[in-house]
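Heads up, the thing below is written out as structure tokens.
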Protein chains: 2
Amino acid sequence: MKPAPLHDRIRRDVEARIMSGAWEAGRRLPTEQALMAEYACSRMTVNKALSALVGFGMIERRRRAGSFVAAPTVHRAVVEIPDVAAEIESRGNSHGLDLLRHVEREATADDCRRLLIAGGPVLDLACLHRAGLRPFALERRLINLTLVPAARTVNFARESPGRWLLEHVPWTDATHRISATIAGPDAALLGVAAEAPCLTIERWTWRTRERLTYVRQTYSGDHALLSVG
Amino acid sequence: MKPAPLHDRIRRDVEARIMSGAWEAGRRLPTEQALMAEYACSRMTVNKALSALVGFGMIERRRRAGSFVAAPTVHRAVVEIPDVAAEIESRGNSHGLDLLRHVEREATADDCRRLLIAGGPVLDLACLHRAGLRPFALERRLINLTLVPAARTVNFARESPGRWLLEHVPWTDATHRISATIAGPDAALLGVAAEAPCLTIERWTWRTRERLTYVRQTYSGDHALLSVG
DNA sequence: AAATATTTGTACGTATGTATA
DNA sequence: TTATACATACGTACAAATATT
């Protein structure tokens with residue numbers, strides 16, 4: 001067992017005192033000088049430990065004033081939204097894909113709004129992901145072909161659009177919208193009742209200023225998102 | 001306009017080259033030595049910039065081997081789940097609270113399972129959050145009174161349980177489950193049709209090994225979660 | 001209102017350890 | 001085995017912000 005680095009030990013010590021409630025929100029931490037003395041180390045080492053805590057949002061630091069335990073954060077859930085194909089496979093099922101629509105066209109007004117573009121060619125895809133034979137999720141996707149011309153040459157009947165994009169197209173930002181919808185007209189495809197509640201995830205993916213793709217995935221059954229970390 | 005710190009500039013430069021796709025996943029970054037030369041600075045400064053990128057999960061570093069652009073991550077959505085009262089107020093509505101149940105009891109088998117405890121006193125709450133007069137969310141909550149005895153003395157008819165807990169009880173971890181449910185028996189309280197799809201969030205909150213509280217919130221209407229950051 | 005002292009922020013240079021291609 | 005590249009940590013210095021006097 002190798003000893004943890006000193007800056008890690010200091011960080012964890014401070015972290016533990018905050019987490020236990022011993023040091024409440026707003027409480028002032030010992031100064032770097034004090035911690036130097038306590039741990040008999042240099043200021044850089046203390047600084048590294050405390051800087052890490054700033055990164056985690058656990059403390060705030062102000063010159064001259066000191067370091068303070070940050071106010072308790074609002075709850076944040078980090079949910080992983082893997083490519084549907086990967087998700088199905090990670091559950092031990094085989095991934096099946098039915099390509100329902102594959103249309104290249106000039107962007108309609110609707111496409112322009114979704115992709116935040118003025119015009120240009122887009123690819124309009126719809127597909128049903130199956131876990132084995134069972135319908136798993138319905139996916140509707142728009143791809144901005146101006147930014148991703150290579151998407152024209154891909155056989156999306158064989159390769160999951162999400163997976164291909166993830167592996168081939170770098171993106172900088174994504175925003176998500178998670179909601180509950182009623183299966184409605186998609187019920188037959190999803191193999192559920194028309195009134196069945198479905199989890200729906202929408203994602204807009206960006207590269208710097210421009211939208212690469214918009215996707216809306218509707219999950220059949222009682223699919224749930226679990227937070228990680 | 002003050003100039004950004006040098007380590008920030010270096011970090012952002014590297015970040016930009018990764019984000020633009022110029023440096024693809026797996027590609028080796030220049031060594032610290034090379035970056036020192038490029039920016040005419042010390043190794044500590046370069047190290048600080050690259051360490052920050054490790055924190056963001058954008059690069060990986062291996063001794064002797066070098067620094068590498070990390071594989072494209074699966075999509076992650078960070079969703080903020082504020083206390084319901086705060087959420088309603090942030091929308092400019094007044095928060096109303098109807099306390100539907102407030103029971104202190106020894107933990108039932110069901111409570112024990114939800115809170116992962118062997119027994120002991122628990123508080124069982126149910127309340128309806130209103131935005132003005134309109135039903136907004138139905139909340140059912142279990143509080144582990146062994147860990148949070150102070151909850152006995154709070155008037156939850158006046159103070160939102162979530163807000164009180166957030167402000168008074170330090171926690172270390174929380175896991176969430178987000179799903180779509182049908183309003184069903186809660187339809188009347190939520191003021192929606194029985195077949196209305198509802199977004200449901202469950203949260204288990206921990207302090208170190210022990211569960212502090214379990215809460216299940218069912219939102220009326222077409223409430224959606226938006227990712228941040 | 002101004003000067004001062006305190007505390008963190010940034011950056012330098014150096015040294016040694018450690019994992020590994 | 002050895003050279004490489006990152007990891008940790010030392011000490012120092014000055015800058016910037018700000019609480020206190």
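Proteins get letters first, then strands, A, B, ... in listed order; numbering begins at 1 in each. Treat the numbers as computed from the prediction; the structure is a model and nothing was measured.
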Comparing A/Arg62 and A/Asp8 on DNA chain D - which has the more 5′ nearest nucleotide: A/Asp8

Check: A/Arg64 side chain, D/dA19 base, donor-acceptor under 3.5 Å: yes

Short N-O contact, B/Arg114 and B/Asp111, less than 4.0 angstrom: no

First encountered from the 5' end of DNA chain D, between A/Leu6 and B/Gly66: B/Gly66

Below 4.0 Å: OP1/OP2 of D/dA17 and any side-chain N or O of A/Arg61: no

Gap between atoms CD1 and C1', on B/Ile10 and C/dT10 respectively (whole Å): 12 Å

Selected nucleotide, minimal atom distance to A/Ala65 side chain, candidates C/dG9, D/dA19, C/dC12: D/dA19

Identity of whatever pairs with C/dA1 - Watson-Crick or G-U, under 3.5 angstrom: none

side-chain N/O B/Thr45 vs C/dT10 OP1/OP2, d < 4.0 Å: no

Donor-acceptor contact below 3.5 Å, side chain B/Ser227 vs main chain B/Ala77: no

Stacked cation flag B/Arg62 on B/Phe68, 6.0 angstrom / 45 deg: yes

Minimum-distance nucleotide to A/Arg63 side chain [options: C/dA11, D/dA16, D/dC6]: D/dA16

Donor-acceptor pair under 3.5 Å, B/Arg43 side chain vs D/dT8 base: yes

Residues B/Glu89, B/Arg163: salt bridge by 4.0 Å N-O rule: yes

Interatomic distance, A/Ile59 CD1 vs C/dT8 C1' [rounded to whole Å]: 11 Å

Rounded distance (Å) that lies between atom C1' of C/dT14 and atom CE of B/Met44: 11 Å

Atom pair distance, as rounded to whole Å: CG in B/Asn47 and P in C/dT10: 15 Å

Short side-chain N/O contact to C/dT7 OP1/OP2 from A/Ser67, under 4.0 Å: no

Pairing of B/Arg140 and B/Glu202 as salt bridge, 4.0 angstrom limit: no

